[in-house]
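First listed ligand is number 1; within each ligand, the first listed atom is number 1.
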Amino acid sequence: MSATAKSLGTVLCLPGDGIGPEVMAEARRVAEWFAATRGVRFTFTDGLVGGAAYDASGAPLTDATMAQAMAADAVLLGAVGGPKWDNLEFKVKPERGLLRLRKDMELFANLRPALVYPALAEASTLKHEVVAGLDIMIVRELTGGVYFGEPRGITDLGNGQRRGVNTQVYTTAEIHRVARVAFDIARARGKRVCSMEKANVMESGLLWREEVTKLHAAEYTDVQLSHMYADNGAMQLVRNPKQFDVIVTDNLFGDILSDEASMLTGSLGMLPSASLGATDAKGKRRALYEPIHGSAPDIAGKGVANPLATILSFAMMLRYSFGLGAEADLLDRAVGAVLDTGVRTSDIQQAGKKLVSTREMGEAVVDTLGQLAKAGGSKQMAGAH
Ligand code: NAD
């Protein structure tokens with residue numbers, strides 16, 4: 001690709017609050033390297049979300065920014081929230097900005113990789129041999145299920161008793177669209193999907209299992225499908241997580257299982273995520289990429305935050321919104337190589353390693369990208385998909 005290539009699409013950048021702008025600056029540094037060196041160029045627009053947007057406009061996300069997000073090919077977000085805005089009324093809290101993005105963009109598939117770089121395997125609370133080289137992807141359904149199902153609510157039964165109700169509900173279409181995302185991702189990785197539910201005790205779980213099985217038989221027989229009850233899945237994730245490639249599950253189980261899986265890696269500052277929506281008439285899929293960590297008010301402004309989760313979110317954007325798998329592999333490999341050299345931000349610091357700032361970590365990734373590109377481009381990271 002030529003270094004003067006035209007823009008591949010529009011990316012709305014929403015750094016947000018706390019460490020958000022600091023880690024976003026390093027993702028942009030990496031983006032600049034791809035533009036200048038590989039001709040992988042995007043048209044970036046900057047916007048406000050969360051507390052920063054509230055301070056500027058009185059709303060955690062303006063209609064104008066929402067419209068930009070809908071029109072963009074991808075949205076890259078930092079983090080929102082902080083003590084400054086903790087006492088705002090509910091509807092203008094920073095988190096409402098993020099929730100509106102997810103809702104209006106109809107982001108139904110949440111992708112959470114759990115990847116343990118060999119250099120960081122000691123950071124996990126699990127034994128080295130259980131997690132070293134771990135590379136799994138959890139696909140969580142994000143817009144349906146018990147968090148949204150009706151009826152819901154708390155009713156007063158009189159006589160001092162109350163009743164709380166939530167409803168777990170899924171339709172064929174909702175199951176198929178998220179399972180399709182999981183099968184497509186598995187095709188580009190280890191070609192295995194494990195679907196998790198509670199088909200033994202829940203009708204919605206039985207429907208989930210039947211529909212995933214039907215879709216698999218009709219369209220994805222090249223991918224190996226297995227099923228597991230979600231409670232067993234939770235145990236297997238800590239017993240032998242490397243048995244999995246892609247896990248697909250509903251909103252509630254996915255909430256729990258993806259947090260469990262992320263903690264296998266032991267480092268919040270390393271974990272990216274993607275949320276994908278439906279494909280529109282022009283074939284464009286709405287998508288939001290963000291680190292899973294929050295705005296870390298305790299370290300904001302100090303220049304010490306780990307930018308790698310945001311840089312890896314940018315890598316997911318290359319892969320899932322722009323089909324640039326080789327470029328994403330190169331970036332994943334650069335992050336691994338930087339860690340191998342012993343460079344660490346404070347959250348992942350280990351004895352004898354070199355402590356660096358947010359900016360220095362970003363620069364180390366860019367330097368390493370340069371070295372890897374010179375040494376032979378985008379070979380697959382050993383052991384990774
Ligand atoms: P947090 O993720 O911000 O921080 C938890 C701990 O991890 C802190 O000690 C922090 O310093 C550390 N940490 C997090 N990211 C780091 C990084 N990149 N590098 C180094 N250390 C890092 O969670 P919290 O403290 O519970 O929440 C703080 C604020 O963030 C709250 O206002 C919360 O609502 C918000 N939050 C936002 C999101 C989001 O934007 N998606 C997610 C979670 C929390």
Side-chain angles (χ1 to χ4, degrees), residues 12-30 47-55 60-61 65 69 75-103 105 107 110-112 117 120 123 125 140 142 255 258-259 262-263 265-275 287-316 335 338-339 343-350 353 355-362 364-365:
L12 176 64
C13 239
L14 301 173
D17 308 319
I19 62 169
E22 299 168 47
V23 292
M24 185 63 79
E26 300 315 311
R28 292 290 291 271
R29 186 188 304 282
V30 167
L48 297 174
V49 67
Y54 176 81
D55 287 349
L61 187 79
T65 309
V75 178
L76 189 60
L77 187 136
V80 299
K84 183 181 174 193
W85 304 282
D86 275 353
N87 296 321
L88 292 180
E89 62 175 310
F90 184 73
K91 68 177 195 301
V92 290
K93 276 188 183 295
E95 293 74 14
R96 303 307 301 171
L98 187 50
L99 293 176
R100 181 175 177 197
L101 279 168
R102 289 179 183 157
K103 182 166 176 283
M105 291 170 76
L107 303 172
N110 184 222
L111 277 47
R112 292 263 298 257
Y117 287 94
L120 293 185
T125 50
R140 166 191 171 192
L142 202 58
D255 193 357
S258 63
D259 267 11
S262 68
M263 279 303 104
T265 71
S267 42
L268 210 52
M270 293 295 305
L271 297 164
S273 76
S275 300
L288 172 77
Y289 300 87
E290 55 179 329
I292 74 155
H293 62 70
S295 58
D298 52 332
I299 56 167
K302 296 184 179 161
V304 299
N306 186 346
L308 293 178
T310 311
I311 289 172
L312 292 169
S313 299
F314 176 75
M316 291 187 84
V335 169
V338 165
L339 296 171
V343 171
R344 299 281 188 276
T345 43
S346 56
D347 58 314
I348 51 172
Q349 174 60 335
Q350 295 160 302
K353 305 293 180 190
L355 185 62
V356 298
S357 66
T358 308
R359 184 190 175 121
E360 287 167 329
M361 182 59 100
V365 172

Asker: Number the atoms of ligand 1 from 1 as they appear, then name those within less than 4.0 Å of a heavy atom of Ile19, with their elements.
Answerer: 15 (N), 16 (C), 17 (C), 18 (N)
Asker: Students should be able to answer this: which protein heavy-atom is nearest to atom 8 (C) of ligand 1, and at what distance?
Answerer: Asp298 OD2, 3.4 Å
Asker: Looking at Leu48, Val80, Leu101, which one forms a side-chain contact (heavy atoms from CB on, under 4.5 Å) with Leu14?
Answerer: Leu101
Asker: Heavy-atom count check: over 12 atoms from other residues, nucleotides or ligands less than 6.0 Å from Asn87 CG?
Answerer: no
Asker: Looking only at non-hydrogen atoms, which of Ala79, Ala305, Gly82 approaches atom 32 (O) of ligand 1 most closely?
Answerer: Gly82
Asker: Taking the side chain from Gln349 and the backbone from Arg344, do they hold a donor-acceptor pair closer than 3.5 Å?
Answerer: no
Asker: How long is the straight-line distance from CG of Leu288 back to CG of Leu107, given to the nearest 0.5 Å?
Answerer: 6.0 Å
Asker: So does Lys353 have more than 12 non-hydrogen atoms from other groups sitting under 6.0 Å from NZ?
Answerer: yes
Asker: Between Val30 and Glu26, is any pair of side-chain heavy atoms under 4.5 Å apart?
Answerer: no
Asker: Can you measure from OG1 (Thr310) to CG (Leu76) and round to the nearest 0.5 angstrom?
Answerer: 7.5 Å
Asker: Please state which option from Gly50, Ser295, Gly81 has its nearest heavy atom closest to atom 30 (O) of ligand 1.
Answerer: Ser295
Asker: Of Lys84, Met270, His293, Glu22, which has the heavy atom at the shortest distance from atom 15 (N) of ligand 1?
Answerer: His293
Asker: Have a look at Leu98, Ile348, Asp86 and point out the one with the heavy atom closest to atom 39 (C) of ligand 1.
Answerer: Leu98
Asker: Which residue owns the protein heavy atom closest to atom 27 (O) of ligand 1, what's the atom, and how far is it?
Answerer: Pro297 CD, 4.7 Å
Asker: Please indicate whether any nitrogen or oxygen in Glu95 is less than 3.5 Å from any nitrogen or oxygen in ligand 1.
Answerer: yes
Asker: Under 4.0 Å, heavy-atom basis, I'd like to know which part of Pro94 is in contact with ligand 1: side chain, backbone, both or neither.
Answerer: neither
Asker: Given Ile299, Asn306, Val80, which has its nearest heavy atom closest to atom 21 (N) of ligand 1?
Answerer: Ile299
Asker: Please compare Gly18, Gly269, Gly294 and report which has the shortest non-hydrogen distance to atom 44 (C) of ligand 1.
Answerer: Gly294
Asker: Number the atoms of ligand 1 from 1 as they appear, then name those within less than 4.0 Å of a heavy atom of Asp347, with their elements.
Answerer: 19 (N), 20 (C), 21 (N)
Asker: Atoms of ligand 1 less than 4.0 Å from Glu290 heavy atoms?
Answerer: 41 (N)
Asker: Right, does atom 3 (O) of ligand 1 have protein non-hydrogen atoms nearer than 4.0 Å?
Answerer: yes
Asker: Could you report the tightest heavy-atom contact between Leu61 and Arg100, atom names first, then the distance?
Answerer: O-NH1, 3.5 Å
Asker: To check your reading of the model: name the closest protein heavy atom to atom 6 (C) of ligand 1, its residue, and the distance in Å.
Answerer: Leu268 CD2, 4.3 Å
Asker: Testing Ser275, Pro272, Ser262 for side-chain contact (heavy atoms from CB on, under 4.5 Å) with Arg112, which one passes?
Answerer: Ser262
Asker: Given Ala296, Pro83, Ala300, which has its nearest heavy atom closest to atom 13 (N) of ligand 1?
Answerer: Ala296
Asker: Short question: side chain of Glu290, backbone of Ala79 - any donor-acceptor pair under 3.5 Å?
Answerer: no
Asker: Salt-bridged, Lys84 to Asp55, with N to O below 4.0 Å?
Answerer: yes
Asker: Establish whether atom 25 (O) of ligand 1 and some protein heavy atom are separated by less than 4.0 angstrom.
Answerer: no
